[in-house]
Amino acid sequence: MALIGYARVSTDEQDTAAQLSALRAEGCTVILEDKASGGSRDRPNLARALERVRHGDTLLVVRIDRLARSLSHLLEIVETLRGKGAYFRSIHDPIDTSSAQGMLMTQMLGAFAEFERALIRERTRAGLKAAVARGAKPGNPKMRSRDPAAIADIRYALKERYLHELVDDRHRWLPTVARLRPHLPWGIVLRQIRAITPPVRSFSERTLVKACRTLVKAGYADPTILDPAPRLPPDTRVARLVADRRKTHPDSSLREIAAWLTRDLREPTPRGGLAWSPEGVRRVIDQAEKLHLMDT
């Protein structure tokens with residue numbers, strides 16, 4: 001049963017020396033550290049720490065704000081550890097998830113931390129409103145003067161934030177794109193993504209293509225997904241969809257695939273009907289096999 005330490009600071013100007021000393025004093029021999037904002041989930045060493053823990057191990061931090069900045073993220077990490085039979089403990093907070101009382105305190109402190117940040121936001125907005133009433137002009141002076149360098153910096157920051165958000169949740173929807181593109185058009189791929197449960201990022205066809213281009217440019221996706229899709233007759237389109245479903249859900253029955261086509265994809269039948277039958281699915285599978293779609 002190992003103690004695995006995790007330390008974090010927000011900027012390169014800060015250092016983790018105090019956190020490292022506290023973690024070593026508690027008995028940590030393995031410590032991973034990140035230099036990243038607490039609001040960012042793109043922290044490679046946090047991911048490594050979570051992968052490293054085994055059954056009975058404990059992930060240790062100095063304070064909970066070094067680990068997560070929102071209650072949802074904190075509970076997500078705790079649940080990940082619980083799923084491995086591991087625990088979470090904070091040195092300066094009364095948190096130890098090895099007990100029911102510790103789990104309750106984890107949730108309470110996380111909620112209080114989130115509430116405190118909401119109060120800070122409210123005070124900031126009130127201060128800005130009062131400053132405006134006194135005649136002050138809040139905001140970045142360079143932005144007010146339309147300084148090109150300031151505008152370029154903000155655009156770069158927004159692009160980086162957008163990329164980080166895509167990278168964080170790409171594992172939920174990008175595999176679907178990688179399987180279906182460029183064999184199927186974007187509209188059909190989008191319907192597949194919208195059928196994922198629980199729902200993923202809210203895409204339109206335009207924003208889905210934009211997201212994929214961004215990930216390809218950053219090296220997170222295969223460029224071939226952006227290749228033009230061939231024109232497909234409607235009958236082969238359904239065959240490709242069903243073939244992909246059989247590959248990704250090999251235990252699905254004909255009835256389950258029929259319900260998926262009807263309820264999730266709202267795919268019309270060859271005769272324009274709204275409800276698929278198991279027999280109709282069987283005919284589509286036969287067609288997919290003749291087209292050798294089940295082999296690829």
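Nearest heavy atoms, D65 versus R8: O-NH2, 2.8 Å. Between R66 and V9 the shortest heavy-atom distance is NH1-CA, 4.0 Å. Closest non-hydrogen pair, C28 versus I4, comes out as SG-C, 4.2 Å. Minimum heavy-atom separation, L174 to A221: CD2-CB, 4.1 Å. Considering every non-hydrogen atom in both A239 and A288, the closest pair reads O-CB, 3.8 Å. Of all the heavy atoms in F88 and L81, the pair that sits closest is CB-CD1, 3.7 Å.
Of the residues L32, T97, L67, L3, the one that meets the side-chain contact (heavy atoms from CB on, under 4.5 Å) test with L59 is L67.
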Would you check, one step at a time, whether the test side-chain contact (heavy atoms from CB on, under 4.5 Å) holds for R63 with Q19?
-> CA-CA 9 Å; R63 292 187 307 276; Q19 295 179 59; 5.9 Å; no
Take T16 and E33, measure what side chain to side chain donor-acceptor pair (under 3.5 Å) needs, and give me the verdict at the end.
-> CA-CA 8 Å; T16 56; E33 52 185 304; 2.5 Å; yes
Worked check of side-chain contact (heavy atoms from CB on, under 4.5 Å) between R181 and T224 | CA-CA 8 Å; R181 289 288 305 165; T224 59; over 6 Å; no
Kindly indicate, with the supporting measurements, whether the criterion side-chain contact (heavy atoms from CB on, under 4.5 Å) is fulfilled by R240 and H183.
-> CA-CA 8 Å; R240 287 182 181 276; H183 314 297; 3.9 Å; yes
Criterion salt bridge (charged side-chain N to carboxylate O under 4.0 Å, His left out) on R125 and E122, from CA distance to verdict | CA-CA 5 Å; R125 282 194 289 265; E122 288 295 327; 2.4 Å; yes
Between E267 and T262, does a side-chain contact (heavy atoms from CB on, under 4.5 Å) hold up when you go through it step by step?
-> CA-CA 6 Å; E267 181 69 32; T262 302; over 6 Å; no
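With hydrogens and angles disregarded, a donor-acceptor distance shorter than 3.5 Å links the side chain of D57 to the backbone of A2. Side chain of R170 to backbone of Y220: no donor-acceptor contact under 3.5 angstrom is found. A donor-acceptor pair under 3.5 Å links the side-chain atoms of E256 to the main chain of S253, judged by distance alone. Put simply, the side chain of D34 gets close to the backbone of L46: a donor and an acceptor are under 3.5 Å apart. Under the 3.5 Å distance criterion, the side-chain polar atoms of R24 are left unmatched by any main-chain donor or acceptor of A22. Side chain of R245 to main chain of L261: no donor-acceptor pair is present (N/O by atom type, distance under 3.5 Å, no hydrogens or angles). At distances below 3.5 Å, not a single donor-acceptor pair connects side-chain atoms of R255 with backbone N or O atoms of S252.
Under the 4.5 Å side-chain heavy-atom criterion for grouping Ile, Leu, Val, Met, Phe, Trp and Tyr, I64 is not connected to I31 through any hydrophobic cluster. L163 and W173 fall within the same hydrophobic cluster, defined by Ile, Leu, Val, Met, Phe, Trp and Tyr side-chain heavy atoms under 4.5 Å apart, directly or through other members. Cluster membership check: V30 does not share its hydrophobic cluster with L60, using side-chain heavy-atom separations under 4.5 Å among Ile, Leu, Val, Met, Phe, Trp and Tyr. A continuous path of Ile, Leu, Val, Met, Phe, Trp and Tyr side chains, each step under 4.5 Å between heavy atoms, connects I225 with V209, placing both in one hydrophobic cluster. No single ILVMFWY cluster, assembled from side-chain heavy atoms under 4.5 Å apart, contains both Y6 and V62.
The side-chain heavy atoms of L166 and Y162, taken from C-beta on, include a pair separated by under 4.5 Å. T58 places none of its side-chain heavy atoms less than 4.5 Å from the side chain of D96. At least one side-chain heavy atom of V177 sits less than 4.5 Å from a side-chain heavy atom of C212. Counting only heavy atoms from C-beta outward, the side chains of L215 and V167 approach each other to under 4.5 Å. Looking at heavy atoms from C-beta onward, R263 lies out of side-chain contact with W276 at the 4.5 angstrom threshold. The shortest distance between side-chain heavy atoms of L254 and I285 falls below 4.5 Å. At least one side-chain heavy atom of V216 sits less than 4.5 Å from a side-chain heavy atom of L226.
Rounding to the nearest 0.5 Å places CZ of R246 at 7.5 Å from CD of E289. Expressed to the nearest 0.5 Å, how far CD of Q192 lies from CG of L241 amounts to 5.5 Å. T124 OG1 to K129 NZ: the interatomic distance, rounded to the nearest 0.5 Å, is 14.5 Å. Annotation: the span from T214 atom OG1 to K217 atom NZ amounts to 8.0 Å, rounded to 0.5 Å. Put simply, OG1 on T176 and CG on L208 are 10.0 Å apart, with the number rounded to the nearest 0.5 Å.
At most 12 heavy atoms of other shown residues, nucleotides or ligands fall within 6.0 angstrom of atom CZ in R52.
Residue pairs satisfying the salt bridge (charged side-chain N to carboxylate O under 4.0 Å, His left out) criterion with at least one member in residues 271-285, sequence neighbours excluded, are listed as follows: E279-R282, E279-R283, R282-D286.
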